[in-house]
Number of protein chains: 2
Amino acid sequence: MPKKRVTLAALTSAAVLVADRDGFEALTLNGVAAELDVAASTLYTHIYGLDGLKSLVAAAGTRNLTEAVRNSAIGASGVDALTAMAIAYRAFALSHPGQFASTLLPPRSDLDELAATNEALLEVFVLVYRGAGLEADEARLAARALRSAIHGFLALEHTTATPSEHDAEYRYLLDALQLGLLHDHAGVAR
Amino acid sequence: MPKKRVTLAALTSAAVLVADRDGFEALTLNGVAAELDVAASTLYTHIYGLDGLKSLVAAAGTRNLTEAVRNSAIGASGVDALTAMAIAYRAFALSHPGQFASTLLPPRSDLDELAATNEALLEVFVLVYRGAGLEADEARLAARALRSAIHGFLALEHTTATPSEHDAEYRYLLDALQLGLLHDHAGVAR
DNA sequence: ACCTGAACACCGTTCAAGT
DNA sequence: ACCTGAACACCGTTCAAGT
């Protein structure tokens, strides 16, 4: 290798690797630079500092999560699809802790890319609700509600170190939400 | 003041102040030491490094959150109590962002204090569900489900910078959860 | 027992210099 | 255009020294 060449793709995958391996809070410019065998200052040619690196991981992580969730729902619809998506969501969070943690980023300035990827994830849920008969507004509310619940459960699971009865608790939450008022939502008192 | 004296209480309140003012990720030993007008190395006499400082804030934050939630439910029961608690939970998160962020800490070694404060928060929800007629196991499941949903919504709200229709979305989530299968949970298909 | 100051390793960031 | 190395400010942590 006569020359050291850093591509954005290589930078992204190296950053994702470090985040999943060492934890998102341990994601560092020097660490990623070492992974690429490059000086840390080189990264400034491609990204805007540490914040840029974190946003890069957040965008890639959200994209990967979206893909996993979307694929899990192929060939299913309604409650079955939503259950499969919730399970895939959790599996992704458990196997890619760094990428999952990057999802909880505090509000950044470059919300363009990040907001778009987040919207894409939500859209997967919206599509299922729409396919089940909910109109646009309610499908969106249901999608956000389910996403919030899933995310909150996984965030707390990620924090507490007691993975004992979490399967049953996750099922209970999803059942309690009735997967977002999908069926019989007209009969719910509210 | 002839002598500089650092108490654990002063250290805690200074750390909480910095976390809420500058953000939890900006919480720093040097920053807190400066707030106390003390050398940074002094803090090692009282706490175990930066991790200890973060755990301190997390424990204090969870305690404060628990107190706010508990107080909001005084004089109410059932759905009314749970709604008031959910609203108080959100109000605390919005007005004390640093303490709320400390709640999502990754698993630490000193889980004793932190796990106890988390348990105390959950207990408030459990008590309401028990008072509404649910038996111990189900009250605990319902409490965890509601806590997860609330937490997830607030975490996502804290991330996204669009506080437009969040009130309606929060209500929708709580309604969809039916506040944890409190009423008519026997009729839910699952 | 508590606090200090110096020291060290590490980090993010900038920038003149190389190719 | 991309990469480097030195430089700077800042941080967490340790420790001998002071009181």
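Residue H46(B) has a polar side-chain atom (N or O) positioned under 4.0 Å from OP1 or OP2 of dC3(C).
Taking a cutoff of 4.0 Å between a charged side-chain nitrogen and a carboxylate oxygen, E138(A) and R144(A) do not qualify as a salt bridge.
Residues meeting the side chain to side chain contact (heavy atoms under 4.5 Å, CB included) test with A34(B), sequence neighbours left out: none. Remark: R171(A) pairs with no residue by the salt bridge (charged side-chain N to carboxylate O under 4.0 Å, His left out) rule, at least two apart or across chains. In this structure, E67(B) has no salt bridge (charged side-chain N to carboxylate O under 4.0 Å, His left out) partners at least two apart in sequence or on a different chain.
Side chain of T12(A) to backbone of L8(A): a donor-acceptor contact under 3.5 angstrom is found. Side chain of T28(B) to backbone of G31(B): no donor-acceptor contact under 3.5 angstrom is found.
To the nearest angstrom, C1' of dG5(C) lies 15 Å from CG of L43(B). Protein atom CZ of R5(A) is 18 Å distant from nucleotide atom P of dT19(C), rounded to whole Å. Whole-Å rounding puts the L36(A) CG to dC2(D) C1' distance at 14 Å. Whole-Å rounding puts the K54(A) NZ to dC11(C) C1' distance at 12 Å. Atom CG of L53(B) is separated from atom P of dC11(D) by 13 Å (rounded to the nearest Å).
Between A19(A) and L27(A), the closest heavy-atom pair is N-CD1, 4.3 Å.
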Donor-acceptor pairs are to be reported for all side-chain atoms of residues 87-101 of chain B against protein atoms at under 3.5 Å, with residues two or more places apart or in another chain.
residue : atom : partner : partner atom : Å
Y89(B)  : OH   : R147(B) : NH1          : 2.9
R90(B)  : NE   : E157(B) : OE1          : 3.2
R90(B)  : NE   : E157(B) : OE2          : 3.4
R90(B)  : NH1  : D167(B) : OD1          : 2.9
R90(B)  : NH2  : E157(B) : OE2          : 2.6
R90(B)  : NH2  : D167(B) : OD1          : 3.2
S95(B)  : OG   : A91(B)  : O            : 2.8
S95(B)  : OG   : F92(B)  : O            : 3.4
H96(B)  : ND1  : F92(B)  : O            : 3.4
Q99(B)  : OE1  : N64(B)  : ND2          : 2.8
Q99(B)  : NE2  : D20(B)  : OD2          : 2.8

Sort me out a list of protein N/O and nucleotides 12-15 of chain D N/O pairs below 3.5 Å, or just none if empty.
residue : atom : partner : partner atom : Å
dG12(D) : OP1  : T28(B)  : OG1          : 2.8
dG12(D) : OP1  : L29(B)  : N            : 3.1
dG12(D) : OP2  : T28(B)  : OG1          : 3.3
dG12(D) : OP2  : L29(B)  : N            : 3.2
dG12(D) : OP2  : N30(B)  : N            : 3.2
dT13(D) : OP2  : Y44(B)  : OH           : 2.7
dT13(D) : OP2  : L50(B)  : N            : 2.8
dT13(D) : O5'  : Y44(B)  : OH           : 2.8

(message) Counting Watson-Crick and G-U wobble pairs with both distances under 3.5 Å, what is the dot-bracket string for DNA chain D, 5' to 3', using [ ] for crossing pairs and | for pairs to another strand?
(response) ||.|||||...|||||.||
